[in-house]
There are 2 protein chains.
Amino acid sequence: MTRQPTIKDVATKAEVSFKTVSRVLNGEPHVREEVRDRVLAAAAALNYRPNIAARGLIGGQSRLIGFLYDNPNYSYVTEAEIGALLRCKQSGYHLAIEPVDSQGDVGGQIEQILASLRLDGVILTPPISDDPAALAALDRLGVRHVRIAPHADRDLSPCVFIDDDEAAFAMTRSLLDLGHRTIGFVLGHPDHGASPQRLAGFRRAMREQGLSPDANHLIQGYFTFESGMEAGLRLLTLPHRPTAIFAANDKMALGVMAAARDLGLTIPGDVSIAGFDDTHAAQMGWPSLTTVHQPVEDMCAAAAGMLISLAAGEPLREAARKLDFQIMPRASTARI
Amino acid sequence: MTRQPTIKDVATKAEVSFKTVSRVLNGEPHVREEVRDRVLAAAAALNYRPNIAARGLIGGQSRLIGFLYDNPNYSYVTEAEIGALLRCKQSGYHLAIEPVDSQGDVGGQIEQILASLRLDGVILTPPISDDPAALAALDRLGVRHVRIAPHADRDLSPCVFIDDDEAAFAMTRSLLDLGHRTIGFVLGHPDHGASPQRLAGFRRAMREQGLSPDANHLIQGYFTFESGMEAGLRLLTLPHRPTAIFAANDKMALGVMAAARDLGLTIPGDVSIAGFDDTHAAQMGWPSLTTVHQPVEDMCAAAAGMLISLAAGEPLREAARKLDFQIMPRASTARI
DNA sequence: TTTGAATCTGACAACGTTATCTGGATCGCA
DNA sequence: TGCGATCCAGATAACGTTGTCAGATTCAAA
C-alpha cells in the first residue's frame, strides 16, 4: 500500500506550483487552459484524491451528517435512514449512523460522538427529537440539527413532522365510517411525543361521533410487537369486545393481529385492525394492514436537505416543515 | 456559535506549552502530576474537544468504517448494519453507510466515496462482496476491507461467512424428516453468490434421499416478496403440487405464504413453507416462519472487529471466519 | 517604447494536531 | 562539588490543503 499522492506530487508532475494545482482542482479562475489541462492530466495519471482531513482542517466542513436514533429494531428507523441517505448521496454528503441510548446520559453520548467525529449537522429521530438533554448538548456544541417528528417546542430548532393528531383522527373516522362503534386503542410508547397526539386524535373523532371510549378499551403499549400482542389479548377477551382496534403503530397492530388469530378470530371478519406508520411489514403481512402512511423517507430526506442547505450557508426557507399523511385502506379492516 | 477551543487555548489557560497539553491528553509519560491536573482542569473548564481533522491529518486515521450495500429495502441489511454499528461503538469507531448501485459502475462509485471520505476500512455486504470491480477499486486505493458471505475467491481478502450449502442441506433434511417428498425450491437472485450454494445444498439432500426434483419444482426468484409470490403461485397450481416449499430467503418465503393463502391453502396443513435468513419478519408473520438462522448481526460485528484490529496494526488471527447457522423450526412447517 | 490594466502564477502563512529534537532541571553517586 | 543519567517541558517541524498577497507576464492603448 503505497502513499496516497498529494497535491505536491501532482504539481511536480505537471511542473507547476502546488497552489496552481489547488486552483485547477477547485475550479477557480485565472488559470491558462493549457496549464489546466496539464494539471488535470497529471492528477488523473497519479489517480490523485484530495485529502479530506486537510480540507476539513481549513474549512471546517466534513460533508458528514449524523443520524441519531434509539431502538435498533425499529423498522421506522430503516426507512428514515434510507431517506436521509439518498438525499445525502445526491449532494455528495455522507451519513454516519449513531445509536443513542435514550435511557442513559444522552448529553454525554452526544458529546462523545461529536468529540471523535466532526459533523456538519445532525438528524434527530424520535424519541431523541424530544430529548431536552440532546438538544441542550447540540446547542452547547454549536452543532446544527433538524428534528424528525418532534412534539414539544417545535420552534426550538428546525424540524419536519406530520400532524399526528389529524392523522389519528382521520383513521378513526374511517373506522367509524365502516360502522364500527366499539373501537379499542393501543397507545404508543409513553416517551414518544407522538403517542399522546395520536390518542388525542382518536378521542376527538370518537367524541365528535358522540362516543366516549371505555377506559378498558385504551391499553398502554410500547410500540413493540409483544406489547401489541398483549394489548390485543386483553382487548379481545373483554366481555364487550371491540369490533375494531386501532394501534398507534404497525408493529403493535401486527401484534394485535397475532393475538386475534391465537383467539381464533378472523380478520377482518371478527375484528378490524388498523395501524400507523405504513412500514414495509404492513404490506407484507396477511391480511395486509390498513394503516396511516407516514412519509418517513421523505421527512428524513427533507431533513437532510435542510442540513445540507445550512452547511452551504443558505438560509432555511421554513424552520418547520409539515408533510402530508395518507390513509391506506387495505385488507385488515372491513365494514361491520 | 463561538469557536471551538483549541489545544492552545487550553495551554494558555493552564500556563504551559501546547505540546504539554497534547502530552497530557494522549496519556504520554513525562509530565509532572501537578501539571497534568492543571491541564486536565483547564481542558474540562473550556470543554475542549480535539479536532478530528487535524488528528487525522497526522496519523491518517479517521476512526470511520464504511458499510457498503446495495438494495435499500433489504431487511438483511438492517440487521447487518446493527451488528457492525454496535461493534464500532464499542471501540469508539463510527459507521458511514454507503449505498452502492451494483448495476452501475461500482468501481467509480467506490472511488467517489473514498474521494470525499477517508475510511479506515470497508465492510462489503452481498452482492457487493462478490463484485470484482469493487474489490479491484478497493485494492487500487489501498483500502482494507472485509467481505460478508462472499462465494468466490474467499482467499482474496478477509471475509466472514456461513456454509450456505450445508445450511440448505440441513433445512432440506428437516423437511424430508417431516415426511415431505415433493419439495419445491425457489432460487435466490442469480447475482448473489449464495444462490447457487443454497440450491446445491437442497439438491444434495434430495439426491441423498434418492429423489431428483422435477425441473418444474425449481423456480427462479429474485429475493423479493413479489418474486416469491409468483413462484408460489406457479408451484402451487402444478398438477403434482409440492407438499413443502423451501425458498432461498425469508422474503420470498413470505411471498409463497401469501400465494398459498390466495389459493385458499392452509399453512402448514396443505403446504409447509421454509425460508432462509431468519429476518425479524420471519417471527412476526403468521404463522411464524421455519427458517435458517444466519447470524448476520454477529457476522458483521466480527467483520467490524477485524477492521478495527487491522486499523490498530494488529495482525488478523484468521483471514476467513466461518460462523454457525441454526435451523429454526417454527409454525410454518409440519409433518405430512 | 511606455504605461496601465488584466491575467496568470507562485511564495508564504494558516488550520490544529502529533512527532522529533533540544535544553534545562533534578537526582543519585562518586 | 562535579558529572552523567533521568525526567520534564518547550521550540519547531511536519501533515495536505486553502487563503492572501505580491510578483510576473501578457496585451492593448497611448
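Each chain gets a letter, A, B and so on, in the order the sequences are listed, and its residues count up from 1.
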Please list each protein N or O that sits under 3.5 Å from an N or O in nucleotides 7-11 of chain D, with the distance.
residue	atom	partner	partner atom	Å
D/dA9	OP1	B/Arg32	NE	3.1
D/dA9	OP1	B/Arg32	NH2	2.8
D/dA9	OP2	B/Arg32	N	2.9
D/dA9	N7	B/Arg23	NH2	3.3
D/dG10	OP2	B/Ser17	N	2.8
D/dG10	OP2	B/Ser17	OG	3.2
D/dG10	OP2	B/Thr20	OG1	2.7
D/dG10	N7	B/Arg23	NH2	2.7
D/dG10	O6	B/Arg23	NH2	3.4

Atom-to-atom span, CZ of A/Arg55 to P of D/dC15 - whole angstrom: 19 Å
Under 4.0 angstrom between A/Ser22 side-chain N/O and D/dT18 OP1 or OP2: yes
Short side-chain donor-acceptor distance under 3.5 Å, A/Ser62 and A/Asp120: yes
A/Ile58 CD1 - D/dT20 P separation (whole Å): 11 Å
Nearest-Å distance for atom pair CZ/P, residues A/Arg49 and D/dT17: 13 Å
N/O (side chain, A/Asn26) to phosphate O (OP1/OP2, D/dT18) under 4.0 Å: yes
Whole angstrom value for the distance that separates P of D/dG16 from CD1 of B/Ile52: 17 Å
Considering all heavy atoms, the nearest B/Ile308-B/Cys88 contact: CD1-CA, 4.2 Å
Contacts of type ring-ring contact (aromatic ring centres under 6.0 Å, His included), residue A/His189, not counting sequence neighbours: A/His192, A/Tyr222
By side chain to side chain donor-acceptor pair (under 3.5 Å) - contacts of A/Ser91 (at least two apart): A/Arg87
By side chain to side chain contact (heavy atoms under 4.5 Å, CB included) - contacts of B/Thr12 (at least two apart): none
Between C/dC15 (P) and B/Asp9 (CG): distance, integer Å: 11 Å
Pairwise salt bridge (Lys or Arg N to Asp or Glu O under 4.0 Å) hits with a residue in residues 98-112 of chain A, at least two apart: A/Glu111-A/Arg140, A/Glu111-B/Arg49
Neighbour count >12 (heavy atoms, 6.0 Å) for atom NZ, B/Lys13: no
Sidechain N-carboxylate O distance under 4.0 Å for B/Arg321, B/Glu318: yes
Between C/dT18 (C1') and A/Leu57 (CG): distance, integer Å: 12 Å
Axial bend angle, the helix from C/dT1-D/dA30 to C/dA30-D/dT1: five-pair end segments, nearest 10°: 60°
Euclidean distance, atom CD1 of residue A/Ile7 to atom P of D/dC15 [Å, nearest integer]: 14 Å
Over 12 foreign heavy atoms within 6.0 Å of CD, A/Glu15: no
Interatomic distance where NZ belongs to A/Lys8 and P belongs to D/dT18 [whole Å]: 13 Å
